[in-house]
Each structure stands twice: as structure tokens, then as C-alpha cells.
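Being a predicted model, the structure only gives us computed values, none of them experimental.
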Amino acid sequence: MNQVQPLPATGPPDFRRPLAKPRRRPVLTRDDYPESDGKPVGETRLHVLVTFRLFGELLFAHKGRDDVIVGCDQLMYYEQDNIRKFLVPDIFVALGVQPRPDAERQTWRIWEEGGYGPDFVLEVTSQSTRRHDEGRKHRIYEELGVREYWQYDPTADYLKPELKGHRLGPGGKFEPVAFERRGGLLLAPSLLGLELHLQDGNLRFFDPRHGYLHGHEEEAEARQAAERAQQAAERAQREAEDARRVAESRVAELERRLRGE
């Protein structure tokens with residue numbers, strides 16, 4: 001009588017299709033990561049101007065600091081050796097970074113920056129970017145540990161009020177930022193040591209020590225205006241001195257006449 005042979009130790013045969021082997025990606029160098037996605041900075045001219053203004057204010061406020069990076073429309077890669085895994089924040093600020101030449105940061109590569117995203121991200125949002133700003137970007141920024149995520153809708157396409165913020169909570173999840181209202185002004189503090197002020201739909205950064213931030217061009221214009229005012233004051237002072245000397249000369253002449261000299 002034939003005996004039943006035991007099944008192999010590997011178990012019954014598996015007739016499913018074998019899993020495809022994972023694709024091995026080539027190791028990329030810094031030069032392999034594209035520096036542009038070929039898309040415009042903003043949906044409209046207003047969005048572009050707002051983005052550049054806010055970027056300029058933050059950039060100028062942190063000038064001279066090599067431990068802070070302020071970026072604008074810069075590709076941010078979050079998976080090494082995969083050029084498809086990237087986001088393009090409108091504006092971001094990273095604090096406490098390691099000083100490196102600017103040429104090495106033409107793109108922002110998360111794995112070279114401690115494995116985390118930047119501390120502060122601001123998207124100048126619109127109806128056309130709403131799905132990404134509210135969905136994919138929100139989720140990935142949260143996963144990357146971005147500490148603050150703000151959305152500003154300058155044309156009030158869908159945000160009312162036009163500013164919305166999220167801050168990373170203790171559980172690693174974004175929590176809505178509460179605003180304080182002072183008359184027609186909405187304000188909220190930021191981890192940057194600044195306050196975000198929204199009034200009449202206009203967003204400004206406010207430094208409690210020095211007032212509203214200004215960009216480089218605004219600072220240059222203010223400096224030129226101050227120089228012009230100083231020059232005008234000096235010119236007025238010279239004219240006053242000339243007028244005083246003329247008046248003194250006339251008084252002296254009259255006194256000589258009175259004395260019959």
C-alpha cells in the first residue's frame with residue numbers, strides 16, 4: 001500500500017503571479033535634480049506681486065544670518081533619488097540650518113536638511129491651486145514636520161477671511177491657528193517671532209519690536225527719502241544762515257548811518 005508523501009516544508013504551491021521586483025533607482029547627484037518645474041510662480045500678476053513682496057520682506061528681515069534660509073518657488077524634494085517626489089512652496093523659512101554655499105541649495109533636499117521640512121511655509125493660494133494646497137501639500141507638509149503652514153488667498157477666491165493657518169500639534173498633526181481680532185484687524189503670532197496681520201484683505205508681517213516689515217526696495221526708497229529730507233533740511237539751514245548774515249549786515253549798515261559814519 002502506497003503511503004502518502006508529506007508536503008514540502010515550503011507549503012502548498014502558490015499559483016498567484018509572482019510579485020514584481022522593486023525597481024532600483026539610480027543614485028542621483030545634486031545636478032540630477034531639476035531646479036524648475038516649468039510652471040509660473042502665481043496664477044495672476046497679483047499673486048506674483050504678493051508672493052515676491054512677502055518673500056522680500058522675510059528675506060530682508062533675516063539678511064546676514066547664515067543659519068536661516070528663506071526660499072521662494074524653490075523645488076523641495078522629499079524622497080532621495082526620486083525626482084518625481086517634490087513640492088514647490090511659494091515661500092518657506094527654515095531656521096537653524098547648517099551654513100552651506102548657495103550653489104548647494106538651488107533645490108531643497110529634505111534628507112540633506114536633517115530629514116524634516118522647513119519650519120514655516122506660506123502658500124499664496126487661489127481657486128486653481130486649492131485642491132493641492134488643501135490636500136496633497138497639507139498632507140505632505142504635515143508628514144515632513146513643517147511647524148507652521150499658512151494659506152493666503154489675496155483675491156478671496158475661497159478663503160474668508162483670506163488667511164488660514166495650521167500649526168503642528170503634540171501628536172504630529174496640524175491644528176488650526178486661532179486669530180485675535182482687533183477691530184478690522186486679524187492677527188496671529190508666528191514661530192518666526194513675527195505676527196501675521198490681515199486687514200482689508202491685505203497680509204503684512206509685523207515685528208513687535210520694530211513694526212511692519214519692509215522689503216529691500218521699500219527700505220531703499222525710505223532711505224533715499226530720508227536722505228532727500230536731510231539734504232532739504234541742510235539746504236534750508238544754509239539759506240537761513242545766509243539770510244541771517246544778510247540781515248545782520250543791513251542792521252550794521254543802518255547803525256553806521258545813524259552814527260553819521
- Is there a donor in the side chain of T155 and an acceptor in the side chain of D157, or the other way round, less than 3.5 Å apart? yes
- Query: Same hydrophobic cluster for F92 and V88, using side-chain heavy-atom links shorter than 4.5 Å among ILVMFWY?
  - Reply: no
- Task: Give me the ring orientation class for F179 and W150: parallel if the planes are under 30° apart, tilted from 30 to 60°, perpendicular past 60°.
- Result: perpendicular
- Item | Carboxylate-amine/guanidinium proximity below 4.0 Å for E112 and R105 | no
- More than 12 foreign heavy atoms under 6.0 Å from CG of D32: is that the case here? yes
- Message: Tell me whether L144 shares a hydrophobic cluster with W108, the cluster being built from Ile, Leu, Val, Met, Phe, Trp, Tyr side chains joined at under 4.5 Å.
- Response: yes
- Pair E148 + R167, salt bridge at N-O below 4.0 Å: yes
- Query: K137 pairs by salt bridge (charged side-chain N to carboxylate O under 4.0 Å, His left out) with which of E123, E143, E142?
  - Reply: E123
- Query: Using the benzene-type ring in the case of Trp, are the ring centres of W111 and Y33 under 6.0 Å apart?
  - Reply: yes
- Do H47 and V50 have side chains that get closer than 4.5 Å, going by heavy atoms? no
- Are any non-hydrogen side-chain atoms of D119 and L192 less than 4.5 angstrom apart? no
- Counting distance only, does the side-chain N/O of D153 pair as donor-acceptor with the main-chain N or O of L159 below 3.5 Å? yes
- Item | Linked, directly or transitively: I140 and I110 (ILVMFWY side chains, under 4.5 Å) | yes
- Donor-acceptor pair, K173 side chain versus G169 backbone, under 3.5 Å? no
- Is any side-chain heavy atom of L122 less than 4.5 Å from a side-chain heavy atom of L203? yes
- Can any side-chain N or O of D81 pair as donor or acceptor with the backbone N or O of L28 at less than 3.5 Å? yes
- Task: Could you tell me whether Y141 and H166 have their ring centroids closer than 6.0 angstrom?
- Result: no
- Message: Measuring only between side-chain heavy atoms, which start at C-beta, is L187 closer than 4.5 Å to R182?
- Response: yes
- Item | Side-chain heavy-atom pair F174, L168 within 4.5 angstrom cut-off | yes
- Would you indicate whether Q98, at its atom CD, is surrounded by more than 12 heavy atoms from other residues, nucleotides or ligands within a distance under 6.0 Å? no
- Test side-chain contact (heavy atoms from CB on, under 4.5 Å) applied to M76 and E113, step by step: CA-CA 11 Å; M76 180 177 297; E113 308 293 346; over 6 Å; no
- Task: Look at the side chain of R204 and the backbone N and O of L213, then say whether any donor-acceptor pair between them is shorter than 3.5 Å.
- Result: yes
- Task: Flag the pair E57 / R53 as yes when at least one side-chain heavy-atom distance between them is below 4.5 Å, and no otherwise.
- Result: yes
- Hphob cluster co-occupancy, V177 + L186, side-chain heavy atoms under 4.5 angstrom: yes
- Message: Between Y158 and Q151, do the side chains contain a donor N or O and an acceptor N or O under 3.5 Å apart?
- Response: yes
- Would you check if T44 and S126 make a side-chain contact, meaning some heavy-atom pair closer than 4.5 Å? no
- Query: Hey, does the side chain of D200 reach the backbone of N202 with a donor-acceptor pair shorter than 3.5 angstrom?
  - Reply: no
- Message: With a 4.5 Å cut-off on side-chain heavy atoms, are F206 and S190 touching?
- Response: no
- Task: Treating Ile, Leu, Val, Met, Phe, Trp and Tyr as nodes and any side-chain heavy-atom pair under 4.5 angstrom as an edge, say whether L87 and Y77 lie in one connected cluster.
- Result: no
